[in-house]
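Order of the sequence lines sets the chain letters (A, B, ...), proteins ahead of strands, with each chain counted from 1. When reading the values below, keep in mind they use all heavy atoms of this one structure, side chains included, and skip hydrogens, waters and symmetry mates.
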Amino acid sequence: MNTKTLDIAASRPVAKKPLSLPVHIYLLVVRSLTSLLRTPEALLPPIAISIFFLVIYQSTLGKAAGFIPGIGGSYLGFILPLSIVSGSLSGSGIAAQNLVRDIERGYFDKLLLTPVHRAALLLAPILAGAVILGVQAAIVVAVGLLLGLQPATGFLGLLAVVGLGVLLGIGFAGFTVSAALGSGSAAATQGASFLFFPLTFLAPTFVPLALLSGWLEVAAKLNPITYVLEAMRALLNKGWDGNAISTSILACLALAVAMYALAVFALSVRTRRN
Amino acid sequence: MKDREIVVENLVKSYPGKVKVTAVDGVNFRVDEGKIFGFLGPNGAGKSTTIKILTTLALPTSGRALVGGFDVVNQATEVRRVAGVALQEIGIDPLMKSMELLVLQGRLFGASKSAATARAKELLELVQLSNAVNRQASTYSGGMRRRLDLAMALVHQPKILFLDEPTTGLDPISRRDVWGEVRRLNRELGITIFLTTQYLEEADELADTVAIIVAGQIAAEGSPAKLKAAMGKESINLIFDTPELAEKGRSTLEHTGDRLQLDRETVRLYLSKAAGSIPTVVTQLQNAGLAPISLTLTQPTLDDVFLQVTGQRLVATEVAQLKSTRSNRRVEVNK
């Protein structure tokens, strides 16, 4: 072998020290978002569906809402949180679909062959999904304002509503990402995002929590969505309710932590060298 | 210099289950620094399993493998640093542009943004994709994607490069391109290359050493020239109308020449002085009332080596296998 060419090859800069976890997460989030934004056809349906339901609920039930006690403000302020929450649900699958594609196309293996932090492989799709959800929730809120929404807590309250929607979505995304890693199949991942759908209705979906009774009341009290809806409704119709907000944040964090643990397990199964 | 060598000792990989499958069954070989090693075998012979073990994507059941002096089981991180890998399935996100993919890959290996960008430019030039930098990989041809995948494998300046069937599914021109690239990487940068292939021509063309793997075991190993020389003999090839006629031809010529092989309609007769024996062969066939549709004289090829070693002809099955593997490949990779 020609040693001279060898020297040239060796003299090129090779970094030995791996970058830190936040940098890896940042790089992979940017990658996921770049890839996601190049398929806008996957991003638009969840937004369209959220807006569709918002308009439908408002037009069909808005007038009848006066008969339901405990709405405590405008019906729009009561139902808009539902639209955001269902958006968080349907949108949480987007990032996982992107991950499944990486697995199917072998790109995930290519990433595994680098010294990338394993946690970054999990957090990047979840956080990229969160960014998409944030934009989506902001659009729904904007449509709400066009329909005449008058938030009790002003602009900051609207930001809090969007933030809660994103936080809830992170938990759901942890679940769909686990499904993606566990199954490696697009169909199974799609199916997993539907699993959460009934949860939307095991909650004070159309009437306040006080009007629920029996098993539905029990289910609703165990459902993190309940606390998110309550807090969002308080922000839009009543005012700053520290108790409702902290409870909802805790509920979201509990869900997110549990789902992240599931995702860690799913990743360890996927990357097990067998 | 150890950091460019591959040493494999008694490597075994079996999958437990109702029927225990042993994909790799006691494989031994060694790839010296700066050499191109061709791992040749039909589908399912254990080529991909071996490459997955050597690149840390799978664990061996028993045995030992050192890549660049590092143990593939206990020093996986070090192996990943010295080895570059281009798997059979091209591992790129087609929605991304080549520059973006290469820079990201470089940064994940620890390079700064500017170093990763400089390296990406250099690699795009090397694989001749400089004029397609700002296009999504989905617009690339099969050959271009393969070259991009090759560039991805080279981002961290590996000392050893693993290529799993680098030209399967490529048209002949793209195949030549990839061959040229592989040779250049080997000669100009001194990279040791381990490549698996189903194509004899490819192994013959590129490899310094060829190992033929059949059913998880190495059936023959040596330089292409040595393997061919070991065959020793020229041959007379006779093609008949039907396999039945070929069988008759085989029994007629049983005592002529040193060795006979029958493969469907073809009879191969190995002799030391093939040309001089043609009149004898023709007379014998005429006496038996047989008329072959073709009679040719050949020097031994790797194909002959393969046929002798495995009892099957690789080329004949290739087309059928290509058809069946196209649909199966994705499933295989996901396992």
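Ring-plane geometry between B:Phe162 and B:Phe194 is classed as tilted, the angle between the planes lying from 30 to 60 degrees on a 0 to 90 degree scale. Ring geometry, A:Phe196 versus A:Phe172: the interplanar angle falls from 30° to 60°, so the pair is classed tilted.
For B:Thr77, no part lies near chain A; criterion is any non-hydrogen pair under 4.5 Å. For a residue to count as touching a neighbouring chain, one of its non-hydrogen atoms must lie under 4.5 Å from one of that chain's; by this rule B:Ile90 touches chain A with the backbone only. Neither the backbone nor the side chain of A:Ser185 comes within less than 4.5 Å of any heavy atom in chain B. Heavy atoms of B:Lys35 lying under 4.5 Å from chain A are absent altogether. For a residue to count as touching a neighbouring chain, one of its non-hydrogen atoms must lie under 4.5 Å from one of that chain's; by this rule B:Met96 touches chain A with backbone and side chain alike.
In this structure, a donor-acceptor pair under 3.5 Å is present between the side chains of A:Arg101 and A:Asn98.
Although no hydrogens or angles enter the test, the distance criterion places no donor-acceptor pair under 3.5 Å between the side chain of B:Asp3 and the main chain of B:Gly68.
Of all the listed residues (B:Thr61, B:Asp149, B:Val155, B:Val79), the one sharing the greatest number of non-hydrogen pairs under 4.5 Å with chain A is B:Asp149.
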Query - B:Asp93/A:Arg38 under salt bridge (Lys or Arg N to Asp or Glu O under 4.0 Å): CA gap, chis, key distance, verdict - result: CA-CA 12 Å; B:Asp93 176 356; A:Arg38 285 179 189 161; over 6 Å; no
